[in-house]
Amino acid sequence: MEVKVVSGDITRMKVGAVMVNLFEGVEHPGGATGAVDQALGGAITKLIAEGEIKGKLNEITLIHTLGKMETERVLVLGLGKQDKFTLDSIRTVMAGGCKFLRKLGVKRVATVVHGAGIGGVDAEKAAQAITEGSILGLYTFRKHITKEPENGEIDELLIVERDESRRSTLEQGVSRGRILAEATNFARDMINEPANYMTPSDMAEVALNVATRYGLECTVLEREEMKNLGMGALLGVAQGSKQPPKFIIINYRGGDSAKPALGLVGKGLTFDSGGISIKPSEAMDEMKGDMSGGAAVIAALRAIAEFKAKINVTGLIPATENLPGGAALKPGDVLKAMNGKTIEVVNTDAEGRLILADALCYARKLGLSPLIDVATLTGACHVALGDVCTGAMGNNREMINKVIKAGEESGEKIWQLPLFEEYKEQNKSDVADIKNTGGRWGGAITAAQFLAEFSQDTPWTHLDIAGTFFSSKERAYILKGATGVAVRTLVNFALAET
Ligand code: BES
Ligand code: MN
Ligand code: ZN
């Protein structure tokens, strides 16, 4: 879908549908909605008076113009209560409106700039949110469905603004929104791909392609090199699978070469069966998405490169499968991580922290700082926070706050969990330096406390996306399946560091 900014009069657009809006409780719409109401001979005011249009968030009212306007239809989108209105309301209503019109087979759509009037939102940010909500909301993953889809696609979305002087500002917003949304959809594609189409080798290939296309450097370390580097924890996880592990390194250089690069580390478990500590079969298929953190990092680097951000960023993605093959890791085995620490593996299903341990050591060896890791790490985080927000933990409060803020801007909710010293106790082993599970209580925290042993004194934030990487229901621009969570947070964080 193309998104264009046009200067003109919303009441005169020759399109399949025009989208206007209404805040809850408004009886006499002004601005663009008022103008459209007039063109329709007061139809909107009448429907409000009759109680058919209330302006509630996500409410969609279709009005056929029957020759009164050049557009065939008008869609009135409810924006909800004005005091609860945010950029995320804009993303939400645009996703709803676009999905509705796609079902009707509409090809060309025009919209007003929601929120820029009485909503009081910055025009550039509004245009960005319009673009993001539309592109994210219209996402589909039909690669493996041979049947033709019932509805076609919307070809064109026009953002209509009367004031010609605001055009370049709006275009700036559209461009930002498109980069962020398309990167997120790119991550969704990788995550939704079944594990037999997204092996560690496939993931490395995707990263190499992104690098070629967007001008990044990409190196992939093979098993032999990992051995030489002493990545015993990552190799331990990989030994139960026939698929060779890959350690993906992507570099973006846009900033001062004297400054350390921001390090983004993503868990790249292309399938997590649990290994010998095998998972129950129920919902095990979702574990094709255990590389969501890695996908988010690759997608974020793509967007950062498109933004030509003035910063240096390195992405590290340890990629492997966790399978119970004949050579697999066994409960009780002891592994040695790259920094020499020994780990007792009490549960082979706590594999994410093992591969991240080596990746964090490698990040420190490269001198990256600060570090953010993104991982579908613990079911415990899902239990604690549900599927509404991502868990954040780390060793630097100031940095965590910046990550949370980067999330807020993108509509991604993040909540901090504590990393008190006392939790370390649970990771103590009788036979090695540390063990890979801390028992049932506080599982998200003890997992992060394990990672803290490898990030050491580098400023570091860990994002546990186990509850948010996948959605079982459709919620505006979050569709069923992969959400692509964290991509926009990572990009906003990087942009804020420039
Ligand atoms: N990838 C899983 C965590 C997960 C579960 C993510 C469900 C998304 C949805 C991770 O590798 C895992 O298995 N964690 C274990 C840790 C436990 C053995 C200490 C868990 O959470 O059960
Ligand atoms: Mn696991
Ligand atoms: Zn896992």
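Atoms within each ligand, like the ligands themselves, are counted from 1 in listed order. Note that these values count all heavy atoms, side chains included, but never hydrogens, waters or copies made by symmetry.
- Remark: the Thr378 side chain and the Asp464 side chain contain an N/O donor-acceptor pair separated by less than 3.5 Å.
- A donor and an acceptor atom, one from each side chain of Thr390 and Thr468, are located under 3.5 Å apart.
- Scanning the protein for heavy atoms near atom 2 (C) of ligand 1, the closest one is Asp272 OD2, 3.6 Å.
- With Glu286, Arg440, Glu351, Met284 as candidates, the residue nearest to atom 11 (O) of ligand 1 on a non-hydrogen basis is Glu351.
- Shown here is Lys341, whose NZ atom has more than 12 heavy atoms of other residues, nucleotides or ligands within 6.0 Å.
- Of all protein heavy atoms, the one closest to atom 9 (C) of ligand 1 is Met287 CE, 3.4 Å.
- With values rounded to the nearest 0.5 angstrom, Lys428 atom NZ is found 12.0 Å from Asp433 atom CG.
- Of the N and O atoms on the side chains of Ser273 and Asn322, not one donor lies less than 3.5 Å from an acceptor on the other residue.
- The closest approach of Asp290 to the Zn ion (ligand 3), by N/O/S atoms, is made by OD2.
- Proximity to Asp290 (heavy-atom distance under 4.0 Å) selects the following atoms of ligand 1: 1 (N).
- For Arg364 and Thr458, the side-chain atoms include at least one donor-acceptor pair closer than 3.5 Å.
- Under 2.8 Å from the Mn ion (ligand 2) lies an N/O/S atom of Asp349, whether from backbone or side chain.
- Donor-acceptor pairing under 3.5 Å is recorded for the side chains of Arg253 and Thr314.
- Among all protein heavy atoms, the one lying closest to atom 18 (C) of ligand 1 is Asn347 ND2, 3.4 Å.
- Taking the ring centroids of Tyr139 and Tyr477, they lie at or beyond the 6.0 Å cut-off.
- Considering each of Lys279, Arg353, His382, the one bringing a non-hydrogen atom nearest atom 16 (C) of ligand 1 is Arg353.
- Judged by the shortest distance from any of its heavy atoms, Phe469 lies inside the 4.0 Å radius around the atoms of ligand 1.
- Close contacts between ligand 1 and Thr437 involve ligand atoms 19 (C) [criterion: under 4.0 Å to a heavy atom].
- In the model, Thr212 has no side-chain atom that pairs as donor or acceptor with a side-chain atom of Asn209 under 3.5 Å.
- In Glu351, the N, O or S atom that comes nearest to the Zn ion (ligand 3) is OE2.
- Put simply, CD on Glu412 and CG on Asp88 are 9.5 Å apart, with the number rounded to the nearest 0.5 Å.
- Residue, atom and distance of the protein heavy atom nearest to atom 22 (O) of ligand 1 are Gly379 N, 4.5 Å.
- How far CD1 of Ile343 is from OG of Ser429: 10.5 Å, rounded to the nearest 0.5 Å.
- Per-residue contacts place Lys267 under 4.0 angstrom from the following atoms of ligand 1 (heavy atoms of the residue considered): 1 (N), 10 (C), 11 (O).
- Looking only at its N/O/S atoms, Asp272 has OD2 as the one nearest to the Zn ion (ligand 3).
- With a cut-off of 2.8 Å, the Zn ion (ligand 3) has no N, O or S atom of Gly352 in range.
- At the Mn ion (ligand 2), the angle from OE1 in Glu351 to OD2 in Asp272 is 100° when rounded to 10°.
- For atom 12 (C) of ligand 1, the nearest protein heavy atom (residue, atom name, distance) is Asp349 O, 3.2 Å.
- Scanning the protein heavy atoms around atom 10 (C) of ligand 1, the nearest turns out to be Leu377 O, 3.3 Å.
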